[in-house]
Amino acid sequence: MAELVGPRVYSCCNCRNHVCLHDDIISKAFQGRNGRAFLFSHAMNVVVGAKEDRQLMTGLHTVADIYCNDCREVLGWKYERAYEETQKYKEGKFIFEKSKIIKENW
């Protein structure tokens, strides 16, 4: 009999609220505020904060911090706008800091 396996999920490190799916990872080669970070195409159960311009390693971007919907832990940010043409692929995508999320259903 085959075992049914649910989707591999990442949860908030603080309260275990499900915030993103492993299948939505675009890249693991990003740098967050506190170390390694992952770029995701989608997020769930997060609150998007106020937009602000931030000078990041790859240039100027308009970003908004993302918070866990349950405990309000800052998990990363959402790219709202990239000013350089080579960075436009990030628009609408989410950065989750590796230290802020934990694996579930693996």
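One-based numbering along the sequence shown.
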*Asks:* Hydrophobic cluster membership, with links at side-chain heavy-atom distances under 4.5 Å among I/L/V/M/F/W/Y: are Phe40 and Tyr79 in one?
*Replies:* no
*Asks:* Starting at CG of Leu21, measure out to CD of Glu104 and round the result to the nearest 0.5 Å.
*Replies:* 12.0 Å
*Asks:* Quick one: does Lys78's side chain get under 4.5 Å of Asp65's, heavy atoms only?
*Replies:* no
*Asks:* Side-chain contact test, heavy atoms from C-beta onward, threshold under 4.5 Å: evaluate it for Ile66 versus Phe94 and give yes or no.
*Replies:* yes
*Asks:* Between Lys90 and Thr58, is there a side-chain donor-acceptor contact under 3.5 Å, judged purely by atom types and distance?
*Replies:* yes
*Asks:* Side chains of Tyr83 and Thr62: is there a donor and an acceptor less than 3.5 Å apart?
*Replies:* yes
*Asks:* Mind checking side chain to side chain contact (heavy atoms under 4.5 Å, CB included) for Ile26 and listing every partner two or more places apart, or none if nothing turns up?
*Replies:* Leu39, Ser41, Lys93
*Asks:* Could you tell me which non-hydrogen atom of Gly32 sits nearest to which non-hydrogen atom of Ala37, and how far apart they are?
*Replies:* N-CB, 3.6 Å
*Asks:* So do the side chains of Lys98 and Phe38 get within less than 4.5 Å of each other, counting heavy atoms only?
*Replies:* yes
*Asks:* At what distance, to the nearest 0.5 angstrom, does CZ of Arg8 lie from SG of Cys20?
*Replies:* 12.5 Å
*Asks:* For the atom pair CD1 (Ile101) and CG (Asn17), what is the distance rounded to the nearest 0.5 Å?
*Replies:* 12.5 Å
*Asks:* Would you say Arg72's side chain and Asn69's backbone share a donor-acceptor pair under 3.5 angstrom?
*Replies:* yes
*Asks:* Atom CZ of residue position Arg54 - does it have more than 12 heavy atoms of other residues, nucleotides or ligands inside 6.0 Å?
*Replies:* yes
*Asks:* Would you say the side chain of Glu80 lies within less than 4.5 Å of the side chain of Val48, judging by non-hydrogen atoms?
*Replies:* yes
*Asks:* Please tell me if the side chains of Asn45 and Asp70 come closer than 4.5 Å, counting only heavy atoms from C-beta onward.
*Replies:* no
*Asks:* Does the side chain of Cys12 come within less than 4.5 Å of Leu75's, by heavy atoms?
*Replies:* yes
*Asks:* Val74, Phe30: one ILVMFWY side-chain cluster at the under-4.5 Å cut-off?
*Replies:* no
*Asks:* What's the separation between atom SG in Cys71 and atom CZ in Arg16, rounded to the nearest 0.5 Å?
*Replies:* 12.5 Å
*Asks:* Check whether any side-chain N or O of Glu52 sits under 3.5 Å from a backbone N or O of Val63 as a donor-acceptor pair, and report yes or no.
*Replies:* no
*Asks:* More than 12 non-hydrogen atoms from neighbouring residues, nucleotides or ligands closer than 6.0 Å to NZ on Lys51, yes or no?
*Replies:* no
*Asks:* Any non-hydrogen side-chain atom of Arg36 less than 4.5 Å from a side-chain atom of Gln31?
*Replies:* no
*Asks:* Using a 6.0 Å cut-off, check whether atom CD of Gln55 has over 12 heavy atoms from anything other than its own residue.
*Replies:* yes
*Asks:* Check whether Ile25 and Val19 end up in the same hydrophobic cluster, where Ile, Leu, Val, Met, Phe, Trp and Tyr are linked by side-chain heavy atoms less than 4.5 Å apart.
*Replies:* yes
*Asks:* In Å, rounded to the nearest 0.5 Å, how long is the span from CZ of Arg33 to CH2 of Trp77?
*Replies:* 6.0 Å
*Asks:* Looking at Ala82 and Gln87, what are the two nearest heavy atoms and their distance?
*Replies:* CB-O, 3.3 Å
*Asks:* State whether Arg81 and Glu91 are salt-bridged, where the test is any N-O pair (Lys NZ or Arg NE/NH1/NH2 against Asp/Glu carboxylate O) under 4.0 Å.
*Replies:* no
*Asks:* Taking side chain as C-beta onward, heavy atoms only, is Tyr10 less than 4.5 Å from Lys103?
*Replies:* yes
